[in-house]
Amino acid sequence: MLLVSGAVQAQITLIPDSGFENHLINEGIDTDGTVNGQVLTADIEDETELILGADFSINDLTGIQDFTSLEHLFMTDMNLPQVDLSQNLNLEDLSIDDLALESLDLTNNINLRDLNIGLDVTGGNYSSDLSELDLTQNIALTDVGINIGKLLFLDLSNNPNLDLVSLRFMPEIQAINVANGNNESMGFLHISNNPNLICIQVDDPAAVIAGTTPPYDNWTIENNDSNPLITDDCSFGVEDFLVQNVHVYPNPVQDMLYIEALEGIELKQIKLYNQLGQILMHSREVSQIDVSRLSTGFYLLSLETDKGIITKKLII
């Protein structure tokens, strides 16, 4: 009886979200036609396309892991916080628009070629808190369109087959890395309307800036209101940006040290170290600090901002 029970259970996929199951019923996928929290695995394992929208108020995609043949997935206008597609290994085409997304797992989708994501955009119904997107394992990607409101960084350096890339309307993004070692095969790149973008990392900065030879004559990198640095190493680019836009004065200092960040940079906290690496001060009051009680000598001042951390040498 245990063996029989296990065999029956193995043929069932749990679908706890009634909206998700209702959709499967309406599409003729769930053949029992009843909302009962489950579907025959045989009903879904050969499905290659799934289109999910607002009609059924889907909040949970548990069960999608057994859509093992799924190649095309389109999701729009849903209060859906977590999406884990790590077991949908045949997925080739993914489109996500206006979800209340907090996490997205694509780490095992090595066959993914087309990816379009629009989250937390003006006019949308849902706010998304997705601030990280790991595409390092998606080496087959060719077409990418990203518009994620709270995304801070985007790394496409491990995607050597990129052809069409559009990265637009991301108010929080600070650095984009498209230095995939194969920029000359990237026929189209459009980066615009990213007001806090500091740095764009590419294979050949001089060629990109000149924009006269293919494919760079078909690349568009607009001002983005921040005049981002185009470089082959954004780690230095962000640091240079902060050095130029966060001011510490006077230096040398006797009494009061003032810290000023230009518009668009938020200072979060400061730490003052002596030459032995010991923390002498740690404060979230970052506009000024009183150093009058410290001995004369050299110190290190660490400044944490919303765009990174920089360290400045201080003389008292």
Side-chain angles (χ1 to χ4, degrees), residues 73-78 83 93-102 104 106 112-136 138 141-180 182-183 185-205 207-211 214-231 234 237-238 241 263-265 306-307:
L73 176 60
F74 307 92
M75 298 183 287
T76 183
D77 199 17
M78 293 184 291
V83 173
D93 185 6
L94 175 62
S95 179
I96 295 175
D97 180 56
D98 195 20
L99 305 186
L101 203 57
E102 298 173 2
L104 175 64
L106 300 174
L112 187 64
R113 294 200 304 264
D114 297 345
L115 177 65
N116 287 279
I117 304 178
L119 297 173
D120 202 36
V121 298
T122 301
N125 292 317
Y126 296 100
S127 175
S128 167
D129 288 327
L130 188 71
S131 60
E132 298 180 359
L133 182 63
D134 184 359
L135 300 178
T136 57
N138 310 114
L141 275 176
T142 59
D143 296 4
V144 175
I146 303 293
N147 177 358
I148 301 177
K150 291 185 174 62
L151 191 66
L152 297 176
F153 305 98
L154 181 62
D155 184 1
L156 297 173
S157 63
N158 204 44
N159 310 104
N161 296 300
L162 291 174
D163 181 29
L164 304 175
V165 178
S166 177
L167 311 171
R168 306 171 62 198
F169 297 103
M170 292 186 281
E172 301 296 329
I173 199 158
Q174 299 167 17
I176 295 172
N177 186 354
V178 293
N180 65 350
N182 196 26
N183 279 180
S185 297
M186 194 184 304
F188 176 88
L189 175 71
H190 190 134
I191 299 177
S192 67
N193 299 99
N194 305 305
N196 284 303
L197 184 59
I198 298 171
C199 187
I200 303 170
Q201 186 165 326
V202 297
D203 290 344
D204 188 345
V208 173
I209 292 170
Y216 308 115
D217 56 346
N218 200 35
W219 284 25
T220 301
I221 299 177
E222 296 179 353
N223 191 356
N224 297 285
D225 298 327
S226 62
N227 196 24
L229 179 68
I230 298 175
T231 178
C234 266
V238 172
F241 174 85
E263 187 175 356
I265 300 176
D306 61 333
K307 293 177 171 54

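A distance of 7.5 Å separates CG in L156 from CD1 in I146, rounded to the nearest 0.5 Å. The CG atom of D203 lies 7.5 Å from the CG atom of N182; values are rounded to the nearest 0.5 Å. Atom CD1 in I200 sits 5.0 Å away from atom CG in L197 (nearest 0.5 Å). Atom CG in N125 sits 12.5 Å away from atom CE in M78 (nearest 0.5 Å). Expressed to the nearest 0.5 Å, how far CD1 of I148 lies from CD1 of I173 amounts to 8.0 Å. Considering CG of L119 and CG of L151, their distance stands at 9.5 Å, rounded to 0.5 Å.
The side-chain hydrogen bond (donor to acceptor under 3.5 Å, both in side chains) test applied to D93 returns no partner, not counting sequence neighbours. For S131, there are no side-chain contact (heavy atoms from CB on, under 4.5 Å) partners two or more places apart in sequence or in a different chain. For D204, the side-chain contact (heavy atoms from CB on, under 4.5 Å) test picks out A206, A207, Y216, with sequence neighbours left out. Residues forming a side-chain contact (heavy atoms from CB on, under 4.5 Å) with T220 (at least two apart in sequence, or on another chain): H190, E222. In this view, L152 and E172, Q174 satisfy the side-chain contact (heavy atoms from CB on, under 4.5 Å) rule, not counting sequence neighbours. Scored by the side-chain hydrogen bond (donor to acceptor under 3.5 Å, both in side chains) test, N180 finds N183 as partners (sequence neighbours excluded). When the side-chain hydrogen bond (donor to acceptor under 3.5 Å, both in side chains) test is applied to D134, the partners found at least two apart in sequence or on another chain are T136. Not counting sequence neighbours, the partners of E102 by the side-chain hydrogen bond (donor to acceptor under 3.5 Å, both in side chains) test are Q82.
At distances below 3.5 Å, at least one donor-acceptor pair connects side-chain atoms of Q201 with backbone N or O atoms of C234. For the pair N177 (side chain) and S157 (backbone), a donor-acceptor distance under 3.5 Å is absent. A distance-only check finds a donor-acceptor pair linking the side chain of S128 to the backbone of L101 [under 3.5 Å].
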Quick one: side chains of residues 163-171, donor-acceptor pairs under 3.5 Å with protein atoms, not counting sequence neighbours, listed by atom name and distance.
unit_1: D163; atom_1: OD1; unit_2: G187; atom_2: N; d: 3.3
unit_1: R168; atom_1: NE; unit_2: S192; atom_2: OG; d: 3.4

Could you walk me through whether Y126 and D77 pass the side chain to side chain contact (heavy atoms under 4.5 Å, CB included) test, one step at a time?
CA-CA 7 Å; Y126 296 100; D77 199 17; 3.3 Å; yes
Going through the checks in order, is the side chain to side chain contact (heavy atoms under 4.5 Å, CB included) test met by L115 and N138?
CA-CA 10 Å; L115 177 65; N138 310 114; over 6 Å; no
For L154 and L135, run side chain to side chain contact (heavy atoms under 4.5 Å, CB included): C-alpha distance rounded to whole Å, both residues' side-chain angles, the deciding distance at 0.1 Å, then the answer.
CA-CA 9 Å; L154 181 62; L135 300 178; 4.3 Å; yes
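Annotation: side chain of N159 is not in contact with side chain of V144 (no heavy-atom distance under 4.5 Å). Residues L141 and L112 have side chains in contact (heavy-atom distance under 4.5 Å, counting atoms from C-beta outward). Looking at heavy atoms from C-beta onward, L189 lies out of side-chain contact with L162 at the 4.5 angstrom threshold. Residues V121 and D98 fail the side-chain proximity criterion, which asks for heavy atoms closer than 4.5 Å.
When all heavy atoms are compared, the tightest approach of C199 to P228 is N-CB, 4.1 Å.
For the salt bridge (Lys or Arg N to Asp or Glu O under 4.0 Å) condition, the pairs that include at least one residue of residues 114-123, sequence neighbours left out, are D120-K150.
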